[in-house]
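Every chain is numbered from 1, with letters handed out A, B, ... down the list of sequences.
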Amino acid sequence: MAIEFSEQEQIRRNSLQELYKLGIDPYPAETYKINISAKEIKENFKEGCGFYQDISIAGRIMSRRIMGAASFTEIQDSTGRIQLYFKRDEICTGEDKSFYNIVFKRLLDIGDIIGIKGYVFITQMGEITIHVKEYKILAKSLRPLPIVKEKDGKIYDAFIDPEQRYRQRYLDLIVNPQVKDTFVQRSKLVNSMRSFLSGKDYVEVETPVLQPLYGGAAARPFKTYHNTLDMTLYLRIANELYLKRLIVGGYDGVFEFAKDFRNEGMSRFHNPEFTQMELYVAYKDYEWMMALVEEMIEKIAIDIHGTTKVQVGENTIDFKRPWKRFTMYEVIEHYTGLDISKMNEKELIKVAKDHGVEVDESMAKGKLIDEIFGEACEAKLIQPTFITDYPIEMSPLAKKHRTKEGLVERFEAVCNGKEICNAFSELNDPIDQRKRFESQLELGKRGDEESMVLDEDFLKAIEFGMPPTAGLGIGIDRLAMIMTNSHSIQDVLFFPQMRPEKKIAVATDEEFTELGIPSNWIPLIRKKGINTIEEFKQSNPNKLINDLNGLRKKLKLNIAALTPEIIKNWFE
RNA sequence: CUCUCGGUAGCUCAGUUGGCAGAGCAGCUGACUCUUAAUCAGCGGGUCGUGGGUUCGAAUCCCUCCCGGGAGACCA
C-alpha cells in the first residue's frame, strides 16, 4: 500500500511496476557499450563533418521537453550534458507505438539513466544534438531529483541548501557541475604532488593510523580500544614519528598522504578527519625544504590552472617563486612595530594582551609569541610567505637554530591568511629530544592539554642515529581550498563530518498487530504521524476514528470503515 | 560552547495584524514532429523541524529541544 511515499515517489514506483509488466527490466545486468562522451561530441562536432554518425552513449536524464510525437531530452554523463532528439516513428518503426507513447513519455522520468544509439546533428536552433534511433533503460530513479534550470548563465532554483548538499553529496554532484570540478581539481592537486615527489625518487609509504601513543603534533586525539590486545589505541594526529623511524631505517626520502584525526572544534578550516602530506628527506635542512615547497606548489598551481596565479575570493594569489621570507620576529615587528626578540615572559604577556590575545596561566613564551603572530600578522599575509625561526618552546621536534639562541629551524608557509604547511630541520639529537619531551611534560602539568607525550620507542629509534633530515607537513585540504577557491573545508571534502539526522523511532508492524490492529490500517496510522505505541496510546480514540476514516475516504481505500467498537478494542 | 540567521510541497521560496497554507519549477491528464527556463489548458501534492504553552482560533506570539549556515571561542 505504501502510503509512506510522497506522491511523486509513488508515481515512480508505479511506473517501475508498469515497466516490469511490459517485460522491460529497469535494472539490466549486462554492459551497455559506450563509444563517446558528451564532451567529446560537443568539442569536435561540426556541421557536415561526417563524424559521430553511429554513436552509443549513456547518462542521466536531466530535462525533458515533450512535443507530441517528437521530444527533446538532455542527458548528463560524467563529462557534461548533451541534448537528445526522439521521434516517435523512429523509436517505434512498426505499428505499436507504445515504446514511445507509453515507455518514453509516461514511464521515464528526470533522473533515470538511459543508454542511446543514434547520430549527431545540429538543430535549427543551432544546438548539437543526438538523433536517437534506439534507447534502453539502464536504471530507473525512484526519487525526484532537485530541478535546476539555467538560461544565459543565470541559474534558476539552484540546489543550495548546505545541509542537503553535504548530507546528500551525490545530489550536489549531479545537479551542481562546479562541485564535480572542485573535486577533480583536488585530485589533480594530489596527483601533481605525488608525481613531483615520486619524480625525485622519494618513497610513498603507509604507516599506522591506530597508534598506541599519539605524537608528532599538538592536538587532542580520538581514543579507541582493541579487544584482542586489550589496550587503548589512538587514531593518529600525525605520522611524523613513524616516518622518522623510516629515515632511521635508511630511506633517503619518504612521504605519505595521511588521513589524520583531531578531536577538536569544527569550523570552516577544521574537520575532525583531514589529510596531510608529510615528507622527510635525509641530509637536508629547512632552507632546502623551503626551496622544495616553492617549487612543488608553483608546479601544482600550473598543473591545475595553467598559471601560477590563482583567484581566491577577492585576492589573486601568485605562487611564482621565490616567495617572500620573514623571520617570526621580523614579521611581528613589521605588523606591530615592536621588537619582541629580547622580551621576557612578562613583557610578552603585555604585548599579547595589547593585541587582543586572551592570556592564561598555561601559556609559556613560545605560545605567547605564536598567539601574537596569530592575532597581529597571520590574516594579513595573503601572498605566499615563509615565516621562519620559531621559538623553541613550541617546536619540540625541531632542531635548535644553528646560530640564533632560543629559536629552532622551522618555517611555515602562510597564504591567504592561513598556514598551509609546517616544516623543520628535524631534531636528530636524542639527548636534546628527550629533554624537549620532558619540558612538554612540564607544560602538560601547567595545564596545556595538547602538550606532547613522551614516546620512548621513538627515542630509542633516534638513539640508533638519525641522519640530519628536513621534514614537511602540508595540509592538503587547506591547499585544496586555496587552489579551488573554496570558502569552507566542507567544500573540498566529499562527506564532511555532520551530526546524524535524527531518526524517528518507529514501532514495527508486529507491535501494532499485537494491539489487534489489522495490517491494512497500520500505514494509515503512521500517515497520521503516530509512529510509536506510546503515541498511539496517548491519542484520542474519537479523533483517531475520524482521521482514519477520513483518510480511508480520501485515498479511496477498499476496506471497511472503522466503528467505535473496533477502535475501543485497539485501546484495550 | 557563545552570539546570530534559518528550517513551509520533490526543489527554490512567499505567507500582511493570529482568521480556510500560496507561487514558480517538478509531477499528473490532455494538446503539440526542431524545442531549450519549450509552450497552451486543466488537476493533484503539506507532520508549516520537534514537543509544550497562550488563544475561540497559531506557519505566525512565548518556552523547550533537534538540525544546519555564518561569526566567534577552542584548535592547525
message: Checking A:E378 against A:K380 for the salt bridge (charged side-chain N to carboxylate O under 4.0 Å, His left out) test, could you report, in this order, the C-alpha distance in whole Å, the side-chain angles of both residues, the deciding distance, and whether it holds?
response: CA-CA 5 Å; A:E378 194 173 19; A:K380 292 173 184 156; over 6 Å; no
Show me, pair by pair, the donor-acceptor contacts under 3.5 angstrom made by side chains of residues 101-111 of chain A, not counting sequence neighbours?
unit_1 : atom_1 : unit_2 : atom_2 : d
A:D109 : OD2    : A:K140 : NZ     : 2.6

A:E9 side chain to A:S6 side chain, donor-acceptor N/O pair below 3.5 angstrom: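 Yes, A:S6 and A:E9 have a side-chain donor paired with an acceptor closer than 3.5 Å.
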- prompt: Could you give all pairs that pass the salt bridge (charged side-chain N to carboxylate O under 4.0 Å, His left out) test and reach residues 258-269 of chain A, with sequence neighbours left out?
  reply: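 Applying salt bridge (charged side-chain N to carboxylate O under 4.0 Å, His left out) to every pair that reaches into residues 258-269 of chain A, excluding sequence neighbours, yields A:R236-A:D260, A:K259-A:E273.
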Integer-rounded Å distance: [N] [atom2] and [X] [atom1]:
X: A:Q168; N: B:G68; atom1: CD; atom2: P; answer: 14 Å
X: A:E163; N: B:G70; atom1: CD; atom2: P; answer: 12 Å
X: A:R165; N: B:U12; atom1: CZ; atom2: P; answer: 11 Å
X: A:N14; N: B:G44; atom1: CG; atom2: P; answer: 19 Å
X: A:K149; N: B:A37; atom1: NZ; atom2: P; answer: 9 Å
X: A:F222; N: B:C75; atom1: CZ; atom2: P; answer: 16 Å
X: A:I155; N: B:C25; atom1: CD1; atom2: P; answer: 18 Å
X: A:E264; N: B:C75; atom1: CD; atom2: C1'; answer: 5 Å

- line: Counting primed atoms, P, OP1 and OP2 as sugar-phosphate and everything else as base, the B/S/- map of nucleotides 27-36 of chain B against protein heavy atoms under 4.0 Å is SSS--BBBBB
Got a list of side-chain donor-acceptor pairs under 3.5 Å for residues 167-179 of chain A, not counting sequence neighbours?
unit_1 : atom_1 : unit_2 : atom_2 : d
A:R167 : NE     : A:E163 : OE2    : 3.2
A:R167 : NH1    : A:R499 : O      : 2.6
A:R167 : NH2    : A:E163 : OE2    : 3.2
A:R167 : NH2    : A:R499 : O      : 3.1
A:Q168 : NE2    : A:Y170 : OH     : 3.3
A:R169 : NE     : A:F494 : O      : 2.8
A:R169 : NH1    : A:D172 : OD2    : 2.8
A:R169 : NH2    : A:Q490 : O      : 2.6
A:R169 : NH2    : A:L493 : O      : 2.7
A:D172 : OD1    : A:R165 : NE     : 2.9
A:D172 : OD1    : A:N176 : ND2    : 2.7
A:D172 : OD2    : A:R165 : NE     : 3.1
A:D172 : OD2    : A:R165 : NH2    : 3.2
A:N176 : ND2    : A:F159 : O      : 3.1

Those residues that, when tested against A:Y119, pass ring-ring contact (aromatic ring centres under 6.0 Å, His included) (two or more places apart):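 Only A:H131 meet the ring-ring contact (aromatic ring centres under 6.0 Å, His included) criterion with A:Y119.
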By salt bridge (Lys or Arg N to Asp or Glu O under 4.0 Å) - contacts of [X] (at least two apart):
X: A:E134; result: none
X: A:R60; result: none
X: A:D455; result: A:R245
X: A:E127; result: none

Which part of the nucleic acid, if any, lies within reach of [X] when heavy atoms closer than 4.0 Å are counted: base, sugar-phosphate only, or nothing?
X: A:A219; answer: sugar-phosphate
X: A:R143; answer: nothing
X: A:E9; answer: nothing

- prompt: Is NZ or CZ of A:R410 both nearer than 6.0 Å to the six-membered ring centre of A:Y390 and within 45° of the ring axis?
  reply: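 The answer is yes, since A:R410 meets both limits relative to A:Y390.
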- request: Please work out which residues in residues 477-498 of chain A have a non-hydrogen atom less than 4.0 Å from an atom of RNA chain B and list them by number.
  value: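 Nucleic-acid contacts, sorted: A:H487, A:Q490, A:M498.
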- line: For RNA chain B, the dot-bracket notation using Watson-Crick and G-U wobble pairs below 3.5 Å, [ ] for pseudoknot-type crossings and | for other-strand pairs, is (((((((..((((.....[..)))).(((((.......))))).....(.(((..]....))).))))))))....
message: I'd like to know if A:D161 reaches the base of B:G7 with its side chain, counting only an N/O donor and acceptor under 3.5 Å.
response: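 Looking at the base of B:G7, it does not pair with any donor or acceptor on the side chain of A:D161 (distance under 3.5 Å).
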Below 4.0 angstrom from OP1 or OP2 of [N], is there any side-chain N or O of [X]?
X: A:R167; N: B:G68; value: yes
X: A:Q164; N: B:G68; value: no
X: A:R268; N: B:G72; value: no

- prompt: Mind checking the C1' distance from B:A71 to B:G15? Whole angstroms is fine.
  reply: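 Per the computed distance, 29 Å lies between those C1' atoms.
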message: Taking the minimum atom-to-atom distance to the side chain of A:R499, which one of B:A73, B:G68, B:U12 wins?
response: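 So the nucleotide nearest the side chain must be B:G68.
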query: Could you give all pairs that pass the side-chain hydrogen bond (donor to acceptor under 3.5 Å, both in side chains) test and reach residues 144-159 of chain A, with sequence neighbours left out?
result: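 Checked against side-chain hydrogen bond (donor to acceptor under 3.5 Å, both in side chains) - neighbours excluded - no pair reaches residues 144-159 of chain A.
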task: Report the residue (A:M266 or A:Q276) whose heavy-atom-nearest nucleotide on RNA chain B is the more 5′ of the two.
output: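 The residue mapped nearer the 5' terminus is A:M266.
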